Novice: 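Okay, here's the structure, questions in a sec.
Starting from 1, each residue takes its place in the sequence as its number. What you are looking at is a predicted structure, and each value in this text was computed from that prediction instead of being measured. Heavy atoms only: backbone and side chains are in, while hydrogens, waters and symmetry mates are out.
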Amino acid sequence: MIVERTKFIFITGGVCSGLGKGIASASIGAILRSAGFSVFSLKLDPYLNIDPGTMSPYQHGEVYVTDDGTETDLDLGHYERFIDVSLTRLSNLTTGRIYEKVLKGERSGAYLGKTIQIIPHITNEIKDYIKLAASESQADFVLIEIGGTVGDIEGEPYLEAARQFKQEIGSENVLFIHLTLLPFLRTSGELKTKPTQMSVRELYRRGIQPDIILVRSDKPVTKEAIQKIALFADVCESAVIPAPTVRTIYEVPINFEKKYNISKIIFEKLQVASRKTRLEDWENLVKKIVTNHKKKMPIALVGKYNENHDAYISVIEALKSACYFHNVSLELVWVNASKLEKNDQSEYKKLAKVAGIVVPGGFGHRGVEGKIMAAKYAREHKKPYLGLCLGMQVATIEFARHALNTQDANSTEFNPKTANPVIHILPGHTAEEEKGGTLRLGSYPCILGKDSLSHKAYQKSRIDERHRHRYEFNMNYRERLEKAGLRIAGLSPDKRLVEIIELKDHPFFVASQFHPEFKSRPLRPHPLFRDFIKASLK
Ligand code: GLN
């Protein structure tokens, strides 16, 4: 089933976590894509959760959702933004999912009574998955990022599967890239290569010889350090590529390619006819990002997972892209929803200062009244407002409280007994269902009203956007809310679900039940974010 022409690049990490393996993988994807190759990427996560869908945003950051409704690791957001592909359920595999499949097979007798073992049963499953990703995507290159650090117990089956994979499909089709760290010791004024040597040795012990070594460092990497690593790791010097801390993540592909010509090494090793890479768009973007724009754009992000900025990474990237588009720089103002809820005046002051307010997605009761207050503030003060999923629900609740003159309008998520459930559970689902896998997930079509701000932004009537929620706008309130000034700007094609609301008497108040941030791209900001920033400029 494997696509013959597909080339595979494994990316592993050494020394420690947090070096930016996801960004490095995504950047390599962007470089190959710029040369006209099709690229598919996947992340192998060593943890035992089936998927990141139920993991805490505090611990794991954002859950990124693909078109086909898979809840995935936030690295997939980087892949989509850098490579500009639409990834699928095959882009994120966890150890939990592999074991689930193998154990189900064992119970149903698929293994004919054999002893089930990590090698070959788990490793075979991993290899089959990679092959399936290649055959379904038909991509020229499949990038496979192995989560964690070489040496982690959890990562062993993936490394073993990768080693076997190369044996199986030929060394001319598989490339290993290893990302490590060069720590700088101030006392001796030196970059230390020993941790890199050790981590390459760890790879050797698993039968893997890296082809390219990317070395992260906060200091310029010296020639001596490169020579030393090349010698110990048995690669040529040109394959030891410095990955210094750059001004913006979008500079990473430029560094790898323009400075170190990484594509040449990849093409040579994988015996691919070389093609010219074109990174001009990225270079222009970086120029815009690093320009010290006179105009700052203060935007409030009213969140509750504020301690971990990764929880809102796609929203922040979408805001930044829209700002680059308008040649302004984003000044993100973190507003704490729980503090707003407690009437903390310093949080209110922040709302007064910003040019626009974003209420992003979220789950659970905590901080919701604060988000409702933020929507109220935006409505009353005519500040541009962008609501994303929960941000639409709180805007609906707020408007209902005001328009229907009732304080108990609510979502049944926050008050199951409310007499005015303007947001309620998705028909066909019950709150009692298991937590994992009961959401409305993935891409759904939406029809835009001709007279809406959304239509003006998208310049078309039918759009497709990604969802991740359980609750919906309650149609029983539609008429009354519309009469009071709410505009239903987007509906599902069967007109049963409200996908976008707007306020008529307001310069820019747009809130969507879907998550537009997932489809925003650095080089192509999302229309709603773009117009939200435009409105905030005024
Ligand atoms: N908690 C809300 C729901 O489940 C909103 C979810 C979200 O913002 N992603 O419908």
Novice: Of Glu62, Glu80, Glu517, which is the lone residue that meets side chain to side chain donor-acceptor pair (under 3.5 Å) with Ser314?
Specialist: Glu62

Novice: Can you pull the salt bridge (Lys or Arg N to Asp or Glu O under 4.0 Å) pairs that have at least one residue in residues 171-191, sequence neighbours excluded?
Specialist: Glu190-Lys192

Novice: As an exercise, state the distance from SG of Cys236 to CD1 of Ile226, rounded to the nearest 0.5 Å.
Specialist: 11.5 Å

Novice: Apply the test side chain to side chain contact (heavy atoms under 4.5 Å, CB included) to residues Arg97 and Arg89: give CA-CA distance (whole Å), side-chain angles for both, the deciding distance (0.1 Å), then the verdict.
Specialist: CA-CA 12 Å; Arg97 191 174 291 274; Arg89 71 188 198 293; over 6 Å; no

Novice: Holding to ring pair (Phe, Tyr, Trp, His ring centres under 6.0 Å), I want the full list of residues that pass it with Tyr158, two or more places apart in sequence or in another chain.
Specialist: none

Novice: Taking all non-hydrogen atoms of both residues into account, name the closest pair between Ala511 and Gly391 and its distance.
Specialist: CB-O, 4.1 Å

Novice: Measure the acute angle between the ring planes of Tyr312 and Trp334, then classify it against the limits of 30° and 60° as parallel, tilted or perpendicular.
Specialist: tilted

Novice: How many angstroms lie between atom NZ of Lys7 and atom CG of Leu270, to the nearest 0.5 angstrom?
Specialist: 6.0 Å

Novice: Could you check Glu202 against Arg206 for salt bridge (charged side-chain N to carboxylate O under 4.0 Å, His left out), going step by step and ending with a plain yes or no?
Specialist: CA-CA 7 Å; Glu202 285 294 308; Arg206 289 157 183 84; 3.0 Å; yes

Novice: Of all residues at least two apart in sequence or in a different chain, which pass the ring pair (Phe, Tyr, Trp, His ring centres under 6.0 Å) check with Phe508?
Specialist: none

Novice: Using the rule side-chain contact (heavy atoms from CB on, under 4.5 Å), only one of Leu301, Val333, Leu332, Ile299 pairs with Val354; which is it?
Specialist: Val333

Novice: I'd like to know whether CE of Met55 has more than 12 heavy-atom contacts from other residues, nucleotides or ligands below 6.0 angstrom.
Specialist: yes

Novice: Which residues pass the salt bridge (Lys or Arg N to Asp or Glu O under 4.0 Å) test with Lys166, not counting sequence neighbours?
Specialist: none

Novice: Can you sort out the partners of Lys519 under side-chain hydrogen bond (donor to acceptor under 3.5 Å, both in side chains), two or more places apart, ordered by chain and number?
Specialist: none

Novice: I'd like to know if the side chain of Glu465 pairs up with that of Tyr444 as donor and acceptor (distance under 3.5 Å, no hydrogens or angles considered).
Specialist: no

Novice: Ignoring hydrogens, what is the shortest heavy-atom contact between Asn92 and Lys43? Give both atom names and the distance.
Specialist: ND2-O, 3.2 Å

Novice: To the closest 0.5 Å, what do you measure between OG1 (Thr123) and CZ (Arg163)?
Specialist: 9.0 Å

Novice: Under a 3.5 Å cutoff, is there a donor and acceptor pairing between the side chains of Arg366 and Ser338?
Specialist: yes

Novice: Return each pair, listed once, that meets salt bridge (Lys or Arg N to Asp or Glu O under 4.0 Å) where at least one residue sits in residues 218-232; pairs must be two or more places apart or across chains.
Specialist: Lys223-Glu237

Novice: Test side chain to side chain contact (heavy atoms under 4.5 Å, CB included) on Leu182 and Thr193 and set out the steps.
Specialist: CA-CA 6 Å; Leu182 279 192; Thr193 62; 4.0 Å; yes

Novice: Would you compute the distance between atom CG of Leu42 and atom CD1 of Ile146 and round it to the nearest 0.5 angstrom?
Specialist: 9.5 Å

Novice: Assess whether salt bridge (charged side-chain N to carboxylate O under 4.0 Å, His left out) is satisfied between Lys353 and Glu331, documenting all intermediate values.
Specialist: CA-CA 11 Å; Lys353 275 193 196 140; Glu331 195 184 301; over 6 Å; no

Novice: Could you tell me whether the side chain of Ser329 and the main chain of Met297 form a donor-acceptor pair under 3.5 Å?
Specialist: no

Novice: Partners of Ser520 by side-chain hydrogen bond (donor to acceptor under 3.5 Å, both in side chains), sequence neighbours excluded?
Specialist: none

Novice: Nearest heavy-atom pair of Pro157 and Ile153: which atoms, and what distance?
Specialist: CD-O, 4.1 Å

Novice: Quick one: list whatever passes ring pair (Phe, Tyr, Trp, His ring centres under 6.0 Å) with Phe529, sequence neighbours left out.
Specialist: none

Novice: With a 6.0 Å cut-off (strictly less than), is the heavy-atom count around CD of Glu280, excluding the residue itself, greater than 12?
Specialist: yes

Novice: Is the backbone N or O of Arg530 less than 3.5 Å from a side-chain atom of His326, with the two atoms forming a donor-acceptor pair by type?
Specialist: yes

Novice: If you look only at pairs with a residue in residues 239-255, which of them pass as a salt bridge (Lys or Arg N to Asp or Glu O under 4.0 Å), with sequence neighbours excluded?
Specialist: Arg247-Glu251

Novice: Taking all non-hydrogen atoms of both residues into account, name the closest pair between Ile533 and Ala322 and its distance.
Specialist: CG1-CB, 3.6 Å

Novice: With rounding to the nearest 0.5 angstrom, report the CG to CZ distance, Leu32 to Phe141.
Specialist: 5.0 Å

Novice: Quick one: list whatever passes salt bridge (Lys or Arg N to Asp or Glu O under 4.0 Å) with Lys383, sequence neighbours left out.
Specialist: none

Novice: Would His526 and Tyr458 count as a ring pair (Phe, Tyr, Trp, His ring centres under 6.0 Å) here? Give the steps.
Specialist: CA-CA 9 Å; His526 190 282; Tyr458 283 94; 5.4 Å; yes

Novice: Mind checking the CD1-OG spacing from Ile213 to Ser199? Nearest 0.5 Å is all I need.
Specialist: 7.5 Å

Novice: If you apply the rule side chain to side chain donor-acceptor pair (under 3.5 Å), what do you find for Asn308 with His60, and how did you get there?
Specialist: CA-CA 9 Å; Asn308 183 1; His60 199 70; over 6 Å; no

Novice: For Ile169, does its backbone N or O pair with a side-chain atom of Asn173 as donor and acceptor, under 3.5 Å?
Specialist: yes

Novice: Which residues satisfy the ring pair (Phe, Tyr, Trp, His ring centres under 6.0 Å) test with His78, sequence neighbours excluded?
Specialist: none

Novice: Locate the shortest heavy-atom distance separating Phe82 from Trp282; write the atom from each residue and the value.
Specialist: O-CZ2, 3.3 Å

Novice: Would you say Lys295 and Leu537 make side-chain contact, with heavy atoms under 4.5 Å?
Specialist: yes

Novice: Would you tell me whether Asp45 and Tyr47 have side-chain atoms, one donor and one acceptor, within less than 3.5 Å of each other?
Specialist: yes

Novice: Applying side-chain hydrogen bond (donor to acceptor under 3.5 Å, both in side chains) as the test, list every pair that has at least one member in residues 29-41; sequence neighbours left out.
Specialist: Ser38-Asp140

Novice: Any side-chain to backbone donor/acceptor pair from Thr94 onto Asn49? Under 3.5 Å, distance only.
Specialist: yes

Novice: What closest approach, in Å, do Arg81 and Tyr64 show between heavy atoms, and which atom pair accounts for it?
Specialist: NH1-CE1, 4.4 Å

Novice: Could you walk me through whether Tyr324 and Tyr250 pass ring pair (Phe, Tyr, Trp, His ring centres under 6.0 Å), step by step?
Specialist: CA-CA 12 Å; Tyr324 306 147; Tyr250 300 114; 7.2 Å; no

